[in-house]
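What follows is a set of notes on a single structure, which appears directly below.
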Amino acid sequence: MINITLKDGSVRRYESGKTLLEMVFDISPRLAKEALVARVNGKLVDLNSKIDSDAQVEFLTFDSEEGQEVFRHSTSHVLAQAVQRLFPGTKLAIGPAIANGFYYDFDSPQKFTPEQLERIEAEMNKIIKEDLPFSRVEISREEALQRFGEKGENYKVELIEGLPEDAVISCYQQGDFEDLCAGPHVPSTARLKAVKLTSVAGAYWRGDERNKMLQRIYGTSFPKKSLLDEHLQRLEEAKKRDHRKLGAELDLFSIHEEGPGFPFFHPKGMVLRNELENFWREEHKRRGYVEIRTPIILSRALWEQSGHWENYRENMYFTKIDEGDYSIKPMNCPGGMLIYKSRMHSYRDLPIRMAELGLVHRHELSGVLHGLMRVRCFTQDDAHIFMLPSQVKDEILGVIDLVDEFYRVFGFDYHVELSTKPEKSIGSDEIWELATESLREALEARGLPYKINEGDGAFYGPKIDFHLEDSIGRTWQCGTIQLDFQMPERFDLTYVGEDGQKHRPVMIHRVVFGSIERFIGILTEHFAGAFPAWLAPVQVKVMPITDRQQEYAQAVTAKLTKNGIRAELDARNEKVNYKIREAQAQKIPYMLVIGEREVSAGKVAIRHRKKGDLGVTALDNFIDNLALEIKNKEL
RNA sequence: GCCGGCGUGGCUCAGUGGUAGAGCAGCGCAUUCGUAAUGCGCGGGUCGCCGGUUCAAAUCCGGCCGCCGGCUCCA
């Protein structure tokens with residue numbers, strides 16, 4: 001007999017060799033129906049596995065992250081089985097669970113079209129009905145190589161060859177299908193109740209564009225049809241928040257075939273931009289930043305000196321002036337260097353925090369352009385901080401705090417990544433190590449959780465990245481802090497120290513919004529277009545009920561405008577319902593309905609886009625309240 | 001750039017070889033109305049672009065451009 005300790009601390013005794021599935025049936029038939037996998041002494045294992053010694057056991061359902069992952073991973077195996085049934089000879093690459101679903105990469109001469117996806121989905125449902133148990137077998141490396149080699153599964157062979165010496169190699173089988181897999185899996189295909197294949201896409205083997213492009217089928221799955229429907233419903237809802245759709249509907253910006261990736265900002269979009277920039281200038285002034293502006297076009301020699309020519313050329317645009325080669329700036333730093341160098345600096349002047357709202361152009365591959373999130377020209381809210389080595393830590397902390405304070409104003413959640421030395425880079429390993437450690441220490445000092453992004457730093461230094469989410473959960477890098485020992489070297493930047501000698505300053509590149517364009521995209525999706533009053537392009541819509549209130553409504557609008565509030569008059573000969581409907585669709589925060597009663601009382605009737613009818617009040621009172629809401633940047 | 005899908009009035013979409021359609025928006029007229037669509041009328045499209053097949057192409061074929069979802073890359 002063995003002792004099994006459950007999550008609640010209770011202990012049950014079983015004969016050695018009983019499977020987890022048998023145990024959970026004994027504990028609770030209801031839990032048994034929902035349990036997908038178990039955590040045994042901290043390790044995830046199949047419910048089909050046998051336990052032969054005392055253990056801590058926890059049963060996991062779809063409610064847990066691990067349960068979902070196992071569930072989706074098992075679904076990807078069923079997908080692979082269905083594809084191989086319908087298209088024999090299809091080779092398997094990898095098929096992991098991802099956030100909200102799974103995918104599987106295939107190598108097949110057969111092109112998977114949307115119609116075929118339906119066929120595959122039907123086959124998957126058949127496999128699910130067949131209630132095939134997942135069973136695990138551990139095999140030797142030689143046997144694994146032989147098995148998958150015989151079947152012509154060359155990608156699997158490659159995977160096996162890449163496994164570490166001491167790795168346990170396992171296979172999972174359901175019916176006549178077998179896949180190389182570490183597991184664990186759900187007990188049987190019948191658990192995978194509701195399955196939906198969502199799209200096909202190309203994906204390079206091992207994510208390397210030099211490799212063959214495989215066909216990736218994406219899908220998702222749930223233990224209940226209703227959960228799947230809810231998920232699809234949520235995706236539909238999210239589409240309505242898409243900044244590309246809202247950007248057109250709210251008349252914020254447009255992008256044209258005449259300039260792919262080069263957005264045009266309309267008057268309403270400019271209000272947003274300007275509000276963001278005003279806020280940004282105020283906050284930076286308060287924190288001791290000075291503002292500069294550098295040219296868009298600068299000579300090739302400058303870019304050679306900075307290292308961009310060597311490391312960033314594929315992303316740059318070029319032009320000729322007279323006989324000379326010039327480049328359109330992809331970054332603002334070299335321009336900033338020239339300003340720093342234009343005069344002498346004393347150690348007493350440092351740190352110098354030099355900010356620039358700089359318009360940069362980058363050649364991005366056509367396939368990656370995405371509304372305002374990924375464009376070919378954008379405005380970075382850049383700053384370069386020149387400092388003494390002893391000031392590095394405080395300056396990094398200052399920027400981390402600044403970013404946090406900014407994002408808080410908009411109510412954004414964010415996550416942080418630390419990116420290390422990339423393949424293409426300048427500077428010695430020691431310097432990189434030192435810079436990376438400084439950033440790491442700053443993060444630790446603030447207790448910020450972060451993820452390491454190996455090899456994703458800028459070519460001149462490591463960076464801390466701040467990522468924000470869009471409406472469907474894709475994350476976009478916005479803020480970044482990059483520590484740079486290289487540019488000061490390359491541009492021979494100096495300051496005069498206490499000792500009267502020249503010394504080398506250290507530099508930080510940093511952005512908070514990241515790109516104003518991308519930030520506006522995120523902002524739009526986050527608020528679903530219903531921007532807080534301080535950002536709303538139109539803050540108040542004044543709507544007289546009939547022509548007779550026209551004059552009074554005009555006076556109201558004029559007074560609002562005089563008080564710095566962005567107000568518009570809807571003088572059209574339409575019913576209030578119609579005007580309200582339109583103002584609601586435009587997500588205007590406040591509507592002032594003006595009828596006979598308001599005119600005679602000299603008041604206004606307020607309607608809020610979310611709170612509805614707020615009753616009648618004096619105009620001055622409304623103005624005071626709204627002015628305060630705007631000043632406080634209320635959400 | 002690569003893989004797959006898509007491209008018809010400002011917007012959403014119907015039309016799959018035989019003279020381009022609807023709703024919304026726009027414009028005109030009427031209506032003067034109390035918290036999410038008043039009625040009637042009128043205009044508007046070389047069907048993304050170029051070429052081919054055909055007596056005839058929005059529709060079939062090829063190339064290009066753009067967009068969407070991924071991959072790779074990045075603010």
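Keep in mind that this is a model prediction, so the values were computed, not measured. Every chain is numbered from 1, with letters handed out A, B, ... down the list of sequences. Computed over heavy atoms, backbone and side chain alike; hydrogens, waters and symmetry mates excluded.
Nucleotides B:G69 and B:A56, compared at atom P, are 40 Å apart to the nearest Å. A gap of 15 Å separates the C1' atoms of B:C24 and B:A14, to the nearest Å. For B:G34 and B:U46, the P atoms lie 43 Å apart once the distance is rounded to whole Å. B:C2 and B:G44: their P atoms are spaced 42 Å apart (whole Å). Taking atom C1' on both B:C49 and B:U19, the two are 24 Å apart, rounded to the nearest angstrom. With C1' as the reference atom, B:C27 and B:G43 are 7 Å apart, rounded to whole Å. Between the P atoms of B:U72 and B:A25, the separation comes to 44 Å (whole Å). Atom P of B:C67 sits at a distance of 46 Å from the matching atom of B:A30, rounded to the whole Å.
Using a 4.0 Å heavy-atom distance criterion, A:Arg362 is classed as a base contact.
Pairing for B:C2 is with B:G70, a Watson-Crick or G-U wobble pair whose two hydrogen-bonding atom distances lie under 3.5 Å. Figure legend. B:C64 is base-paired to B:G48; pairs are counted as Watson-Crick or G-U wobble with both atom distances under 3.5 Å. In this structure B:G43 sits in no base pair that meets the Watson-Crick or G-U test at under 3.5 Å. The partner of B:U32 is absent, by the rule that a Watson-Crick or G-U pair needs both atom distances under 3.5 Å.
For the pair A:Gln549 CD and B:G34 C1', the computed distance is 10 Å after rounding to whole Å. Distance, A:Leu214 CG to B:G4 C1': 14 Å, rounded to whole Å. Separating the CD atom of A:Gln380 from the P atom of B:C74 is a distance of 14 Å, rounded to the nearest angstrom. Spacing between atom NZ of A:Lys463 and atom P of B:C74 amounts to 7 Å, rounded to whole angstrom units. Atom P of nucleotide B:A75 and atom CZ of A:Phe519 are separated by 17 Å, given to the nearest angstrom. The nearest whole Å value for the distance from the CD atom in A:Gln116 to the P atom in B:C3 is 18 Å. Put simply, CH2 on A:Trp205 is 18 Å from C1' on B:C2, counting in whole angstrom units. Between A:Asn211 atom CG and B:C71 atom P there is a gap of 16 Å when expressed in whole angstrom units.
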side-chain contact (heavy atoms from CB on, under 4.5 Å) assessment of A:Glu598 paired with A:Val616: CA-CA 8 Å; A:Glu598 286 70 32; A:Val616 177; 3.7 Å; yes

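Between A:Phe513 and A:Phe279, the ring planes lie tilted relative to each other; the angle falls in the 30° to 60° range.
A distance-only check finds no donor-acceptor pair linking the side chain of A:Gln482 to the backbone of A:Lys463 [under 3.5 Å]. No donor-acceptor pair under 3.5 Å is formed between the side chain of A:Tyr590 and the backbone N or O of A:Leu626. The backbone N or O of A:Thr420 lies less than 3.5 Å from no partner atom in the side chain of A:Glu454, so there is not a single donor-acceptor pair. Using modelled atom types, one side-chain atom of A:Tyr317 and one backbone atom of A:Arg362 make a donor-acceptor pair closer than 3.5 Å.
Projected onto RNA chain B by closest heavy-atom contact, A:Met373 and A:Glu596 fall at different nucleotides, the more 5' of which corresponds to A:Glu596. Between A:Asp208 and A:Val616, the residue anchored closer to the 5' end of RNA chain B is A:Val616, taking for each the nucleotide with the nearest heavy atom.
Between the base of B:G70 and the side chain of A:Tyr204 there is no donor-acceptor pair shorter than 3.5 Å.
Between A:His231 and A:Phe222, the gap from one ring centroid to the other is short of 6.0 Å. Checked against the 6.0 Å centroid threshold, A:Phe519 and A:Phe410 count as a close aromatic pair.
For the OP1/OP2 pair of B:C3 and a distance below 4.0 Å, the side-chain nitrogens and oxygens of A:Lys111 include no atom meeting the criterion. Taking 4.0 angstrom as the limit, A:Gln477 places none of its side-chain polar atoms (N or O) nearer than this to OP1 or OP2 of B:C74.
Among the nucleotides B:C71, B:U35, B:A75, the one closest to the side chain of A:Val368 is B:C71. Nearest nucleotide to the side chain of A:Val593, out of B:A36, B:A75, B:G34: B:G34.
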Each nucleotide N or O in nucleotides 65-69 of chain B that has a protein N or O under 3.5 Å away: list the pair and distance.
unit_1	atom_1	unit_2	atom_2	d
B:C65	O2'	A:Glu257	OE2	3.4
B:C68	OP1	A:Arg244	NH1	3.0
B:C68	O3'	A:Arg244	NH1	3.4
B:G69	OP1	A:Arg244	NH1	3.2
B:G69	OP1	A:Arg244	NH2	2.7
B:G69	OP2	A:Arg244	NH1	3.0
B:G69	OP2	A:His370	ND1	3.3

Enumerate the protein-to-nucleotides 37-39 of chain B contacts in which both atoms are nitrogen or oxygen and the separation is below 3.5 Å.
unit_1	atom_1	unit_2	atom_2	d
B:A37	N7	A:Arg581	NE	3.3
B:A37	N7	A:Arg581	NH1	2.9
B:A37	N7	A:Arg581	NH2	3.2
B:A37	N6	A:Arg581	NH2	2.4
B:A37	N1	A:Arg581	NH2	3.2

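Side-chain contact between A:Tyr103 and A:Leu79 is absent, with no heavy-atom pair separated by less than 4.5 Å.
Cation-pi geometry between A:Arg72 and A:Phe102 is not met: the NZ or CZ atom fails to fall both under 6.0 Å from the ring centre and inside 45° of the normal.
Of the residues A:Met543, A:Lys541, A:Gln586, the one that meets the side chain to side chain contact (heavy atoms under 4.5 Å, CB included) test with A:Glu568 is A:Lys541.
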